[in-house]
2 protein chains.
Amino acid sequence: MTSTSEPLAPPDRIARRQVDKFAERRRQLADAALLTLSERGYARTSLREIAKDSGFSHGVLHYYFRDKVDLITYCVRQYKAHCVERYDGIVATATEPAALLAGVGDALAGTLAQDALMHRLWYDLRGQSLFEESFRADVAEIDDSLERMIWRTVEAYAGLVGATPTCSPSFAYATVDGLFAQALLRHLAGSSDALDDLRDGVRRQLPTLVG
Amino acid sequence: MTSTSEPLAPPDRIARRQVDKFAERRRQLADAALLTLSERGYARTSLREIAKDSGFSHGVLHYYFRDKVDLITYCVRQYKAHCVERYDGIVATATEPAALLAGVGDALAGTLAQDALMHRLWYDLRGQSLFEESFRADVAEIDDSLERMIWRTVEAYAGLVGATPTCSPSFAYATVDGLFAQALLRHLAGSSDALDDLRDGVRRQLPTLVG
DNA sequence: AGGATTCCTTGACGGCCGTCCAAGAGCGTC
DNA sequence: GACGCTCTTGGACGGCCGTCAAGGAATCCT
């Protein structure tokens, strides 16, 4: 905490107070924003709507965030943290190849069903990053962490069957993510087969990646 | 052409005149709209901007289209026509399995490089359809036609190697589309490996789909 | 040519947007 | 209890949005 009491311009306000309530409110508002974004999509979500859903007035957002891009960027970063935390424990324990295949399939199908709207938001934001440069770096970082997550799975499976990966990390990620994206599409469209097909798809694709 | 000369409400205006200039202008405006959309993305494109890029005034859009959704929907449909027309000739001629793999890889890499912005728009609109119900049906139809296209490729390849497909059409589409989507992402991000990786990826993935 | 019809422009409307700001509320400290 | 600082409110702003209507321009038909 500074002992001087000079008047602070808004940007400084954001830099200060790292540990206390300020940062906490930012997280809280970003959480609310993520919820609204996941329901309405990037293109249809306004700051006023985010504020309304958060229970605060619309003015408060500019007290905690410089502008809309700052808020969305912060949201994306927070979403990333949520992502890797959730997915990092997926592979952890499995001593049989078949069990790992089943575990990974179940984990992916589980999060797809449970966090469908958040995954929808992820694909939305990833798409937006192709048009809006501001998000690109953060989105790419998340994408990398997802690729690494898939790659860890491939390596774990390879280890269990006594083989080594025969493809690049990006190939593994691309094909598995393709399966996941399509399963999400069909799941949200009401297809009841989507989850099972995802499980089967992962179970089928993973073994082709090692040898 | 009707011989009566009753005053027509806007909706009727659209239903009439199927063959003549009316439909042609619609196509022309939709083409301009697709161009603008592919450059700016769905979330950032306004009717005024579309009109400006088309060389007409902003009012004309409501003479040829009921509202914005009508325009975008028409654009999506027109995009679909463009798509299937372009992709339908891809597999056509190939008597050797290796030649088919190379041909498909080159074709996909070629259209990815040449029509990158249009493909970016496709993924954008496909994502939007998960939030905006109005587009969902048309987008699903395009998706189906793409899946069938990939499936024809798989069947052609299976025929050439004297085998049959061992996966579902949706599995084939999901994995190949995953490769394509990631290649597009990396290509637009400036990666020079993206196109070659797409070629290699397709060449690697296709053989795993038959047996 | 001239009237009817089609096509297109222009300007306006209400509404929502992101942003900013003045003022008040809450609250810990002296 | 008064002060100072942090936090929050709610209104105002300019601007862009989609939509629409009135009227001019172009075209067609006889």
Side-chain angles (χ1 to χ4, degrees), chain A residues 1-29 32-33 36-37 40-52 54-75 132 134, chain B residues 1-29 32-33 36-37 40-52 54-75 132 134:
Chain A
M1 209 129 328
T2 63
S3 58
T4 64
S5 60
E6 22 175 349
L8 295 167
D12 296 45
R13 200 170 47 196
I14 293 170
R16 289 170 57 246
R17 315 266 247 107
Q18 294 132 353
V19 201
D20 53 6
K21 296 182 182 175
F22 189 82
E24 194 174 341
R25 217 4 139 241
R26 266 168 77 94
R27 271 193 296 272
Q28 177 184 350
L29 288 171
T36 306
L37 280 167
R40 308 261 294 123
Y42 172 81
R44 278 158 290 282
T45 301
S46 70
L47 291 184
R48 290 175 144 85
E49 202 166 354
I50 291 175
K52 178 172 296 181
S54 79
F56 290 94
S57 71
H58 67 270
V60 82
L61 288 174
H62 281 87
Y63 182 80
Y64 289 98
F65 297 95
R66 198 179 311 107
D67 54 18
K68 191 181 184 181
V69 170
D70 187 29
L71 167 61
I72 304 276
T73 300
Y74 188 90
C75 284
E132 193 117 21
S134 337
Chain B
M1 207 132 326
T2 63
S3 58
T4 65
S5 60
E6 20 174 352
L8 295 168
D12 297 46
R13 199 170 47 195
I14 292 169
R16 290 171 58 246
R17 315 266 247 108
Q18 295 130 352
V19 202
D20 52 5
K21 296 182 182 175
F22 190 81
E24 193 175 343
R25 204 33 121 232
R26 265 169 78 95
R27 271 193 296 273
Q28 175 184 350
L29 288 171
T36 306
L37 281 167
R40 308 262 294 123
Y42 172 80
R44 277 158 291 282
T45 302
S46 70
L47 291 184
R48 291 176 144 85
E49 202 167 354
I50 291 174
K52 179 172 297 182
S54 79
F56 290 96
S57 69
H58 68 271
V60 82
L61 289 175
H62 280 86
Y63 182 79
Y64 289 98
F65 298 95
R66 198 178 311 109
D67 54 18
K68 191 181 185 180
V69 170
D70 187 30
L71 167 61
I72 304 275
T73 300
Y74 188 90
C75 284
E132 193 117 23
S134 337

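Residue numbering restarts at 1 for every chain, and letters A, B, ... go by the order of the sequence lines. It should be emphasised that the depicted structure is a prediction, and the values quoted were computed from it without experimental measurement.
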Heavy-atom pair with the smallest gap, counting every atom of B:Arg26 and B:Asp70: NH1-OD2, 4.1 Å

Under-4.0 Å side-chain N/O to phosphate OP1/OP2 contact, A:Arg25 with D:dT8: yes

Residue-phosphate contact under 4.0 Å: A:Tyr64 side-chain N/O, D:dC7 OP1/OP2: no

Could you list, one pair per line, each protein nitrogen or oxygen that sits under 3.5 Å from a nitrogen or oxygen of nucleotides 10-14 of chain D, together with the distance?
{"unit_1": "D:dG11", "atom_1": "O6", "unit_2": "A:His58", "atom_2": "NE2", "d": "2.6"}
{"unit_1": "D:dA12", "atom_1": "N6", "unit_2": "A:Arg48", "atom_2": "NH2", "d": "3.1"}

Minimal non-hydrogen separation, A:Ala23 against A:Tyr74, with atom names: O-OH, 4.2 Å

Interatomic distance, A:Lys52 NZ vs D:dT9 C1' [rounded to whole Å]: 15 Å

Position toward the 5' end of DNA chain C (nearest nucleotide), A:Thr45 or B:Gly55: B:Gly55

Between D:dT8 (C1') and A:Leu61 (CG): distance, integer Å: 11 Å

Any side-chain heavy-atom pair of B:Tyr63 and B:Phe22 under 4.5 Å: yes

A:Lys68 side-chain proximity, nearest of D:dT19, C:dG18, C:dC8: C:dG18

A:Leu37 CG to A:Ile72 CD1 distance, which is reported to the nearest 0.5 Å: 4.5 Å

Distance under 6.0 Å and angle within 45° of ring axis: A:Lys21 vs A:Tyr64: no

A:Glu49/A:Arg44 ion pair, N-O < 4.0 Å: no

Residue A:Phe22, side-chain atoms from C-beta onward, closest of C:dG18, D:dT9, D:dC7: D:dC7

Spacing between A:Gln28 atom CD and D:dT8 atom C1', to the nearest angstrom: 13 Å

Protein-nucleotide distance (B:His62, atom NE2; C:dG11, atom P), rounded to Å: 19 Å

Nearest-Å distance for atom pair CZ/P, residues A:Arg44 and C:dC16: 17 Å

Nucleotide nearest B:Tyr63 (side chain, heavy atoms from C-beta), chosen from D:dG18, C:dT6, C:dG18: C:dT6

Show the distances under 3.5 angstrom between N or O atoms of the protein and N or O atoms of nucleotides 27-29 of chain C.
none

Length of the line joining B:Phe56:CZ and C:dT10:C1', which is rounded to integer Å: 16 Å

Rounded distance (Å) that lies between atom P of C:dC7 and atom CZ of B:Arg26: 12 Å

side-chain hydrogen bond (donor to acceptor under 3.5 Å, both in side chains) partners of A:Thr36, counting only residues at least two apart: A:Asp53

Exercise: identify the closest heavy-atom pair between B:Asp67 and B:His62: CA-NE2, 4.2 Å

Nucleotide D:dC17, atom C1' - distance to CG of B:Asp67 in whole Å: 14 Å

